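Below you'll find the structure, written out as structure tokens, and then a few comments.
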Amino acid sequence: MKRALLLAISLVFILAACVENEPKETGWEINQNNQNNQNNQNNQNNQNNNNNTVIVTPSTELDGMFVSGHLGNYLDCPEKGYDPNANVGAGSAPEPPEGEDGAGRLAGDCAEDGCTGILNCEAAQLTIRIENIGDIQADAVEIRSLRLFRFDGEFVAELPVVGVSNAETNELFEGDLPASDGLMLRVDFQGLSNAYELLTSEGDRGWGHGGVLEVEVGAENAPAITIESPELYVLDAVAT
Amino acid sequence: MRRLLTILLTFSVISCGEAPVEPTSTDTVQWMLEHAPDYLESREFRRAELEASLWKPELPYARKRLTAYGLERGGWDLLPEFEVKVTTVGENPTEIELSSDVPQTREEWLALGEQVFWYAPMRRDGYLLWLSERPELWDELGLQADADGNIRGVVRYTDPLGDQRTAITCGACHGDQGIAGAANKNLDLGRARAIFGEENGLDNTLFGTWGPGTVDVTDDGVTDPLAIPNLWNLDTQTHINHSAAIKLDSPAALAIRFETQYIEGQSLLRRPNRVIPWALAMYVYSLKPGTRPDTSLPGHTTFEQKCGSCHQADKAFGGGLIPADSINADPLASNSPLRGTGYYKVPTLLGISNSDRFMNNAKVDSLEDVIDSGHPYGETMSENDKVEILEFLNTL
């Protein structure tokens, strides 16, 4: 009797699992069928009177997270860094300097002088992960802005983006992100030439703070998202 | 059914990983062998160990790691891995590539750790390429050539962006005469930077004030170099770094320290496969000095009486923390805004007989001077005590 009861319970669970795994019609699939049957009548986003199913327009949506980054180090090459006081524009960042390659890398990567003449010169960069959690490809995904704030929230500068590439392959990022796909992006940017001066406060213990970046990522066919970094620092010149 | 519940409970306990795992074995290497899967596979484990080791979470050094390492979402865990593929630098450059396969035995782990110690690039700097091409300066700056004529602890590699880099490994600072763990007290990277500056029109004179056997490890705008330490008997130590910013609650803390050093050394673009820092930590924990304290000497008893409360025998003649302003040491580094705790770690004295630079800034030239004037308690000793203690110290 006990064994029969256990068997019955098991069967119920198995049936429930099978029902759970049966393919379901999604809103997108229904929408496609609907479009076919009604010769593309413009009835998307309306209630289907026949079966009360909500019709969902295919869309794209970005998700993102911060991975790592630093503000570079321009101690020995301040002219390569960004000085907000010297580059006062009409509310937007100036054009970044041209890099040695398509990814726009700056000095500090030894491209120009083989690392023989500069001690502390490293270009700023950050790595983020972007995912397309929508139904269709996201087109022209791009970094729209990099806004730097002090640790206490005060806005410091909008920093120029130099280049965006695939962080794993180093290939230039062309901007297309297929549905349900994600990738790691390396963003090279121009860090502050005088970070120590601009990011610390009176009474602050010297080099004790960095800055927070707000990275706005947008696409042609998706709402923009903002990724906030933790406090980022100048790349260490001596530390291990 | 009971068995199933036990398994489920076991898994749920493992996955929670709230509290760091305290070492229960007296053999640290064995403990690391047993807990390698935790470190390699469990983010929760690594996160808990990180938090336990950063006992001053408000310090920028700690904040940087706490906001980036072992996070539930994003952070350094997502970084692509880098391959340890390097070429030695000198007369006979040799290509070396380290495997990231998980070693299966204690011997395999230690063998990999030894390779990592000597060859994995820890910190790359522009001036190191310049230095590596000037063999006439090596001896003056404390760089040593190995039997093949290559600089010990200096390697070249291709960075994640495809550029050639020159870097130091653990062995450059902690591999004197090819002995892993022995501080290179003649290494003068500050002077190397200063000479590099002279030749390239940069004012690097401050670096030149570091002195041999010291490195400034805090990028805090203050010149506060500290002596390169020996890496002996770390299993007896409660903290690492002179200012004790990292607490060694378990051996995993050392592996995390190494892992995050490599990440910073790669400009935060790559992380090492975790086999690399775990093997390195295991290897470093295995390092012991070649000397043996002669406890039959009368100076041993005198040392125990006069010095033993701080320099404890069961802590490799080192100890816990001491307020920096209570000793003669320069307190600058202990007050660093980046890593300063206000304390200094009482250093282990193992290997002191093989040194010729002493105290936390390596500015005292002899043990006699340490006891006569460098150390605050030397003044309270009789001449006979000093002679006996010196004799004992020379066996450490």
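The chains referred to below are lettered A, B, ... by the order of the sequence lines, with proteins before strands, and numbering in each begins at 1. Just so we're clear, the structure is a prediction, and the values are computed from it rather than from any experiment.
Taking non-hydrogen atoms and a 4.5 Å limit, the residue list of residues 261-270 of chain B in contact with chain A, ordered by number, reads Q261(B), E264(B), S267(B), L268(B), L269(B), R270(B). Residues of residues 64-72 of chain B having a heavy atom under 4.5 Å from any heavy atom of chain A, listed by number: K64(B), T67(B).
Annotation for D219(B) and Y196(A): closest pair OD2-OH, 3.9 Å, computed over non-hydrogen atoms. Across every non-hydrogen atom of R186(A) and L161(B), the tightest pair is NH1-CD2, 3.0 Å. For the residue pair G74(B) and M65(A), the shortest heavy atom distance occurs at N-SD, 3.5 Å. Taking both residues in full, the closest heavy atoms of D236(A) and R123(B) are given as O-NH2, 3.2 Å, listed atom of the first, atom of the second, then distance. Smallest separation of non-hydrogen atoms from P80(B) and A167(A): CG-O, 4.2 Å.
If you measure heavy-atom distances from D203(B) to chain A, you find no contacts under 4.5 Å at all. For F207(B), the part lying under 4.5 angstrom from a heavy atom of chain A is the side chain only. Using a 4.5 Å cut-off between heavy atoms, R257(B) touches chain A through its side chain atoms alone.
No more than 12 heavy atoms of other residues, nucleotides or ligands sit less than 6.0 Å from atom OH of Y343(B). Enclosure of atom CD in E216(A) by more than 12 non-hydrogen atoms of other residues, nucleotides or ligands within 6.0 angstrom is indicated.
Comparing S68(A), S229(A), G69(A), P230(A) by heavy-atom pairs within less than 4.5 Å of chain B, the highest count is held by S68(A).
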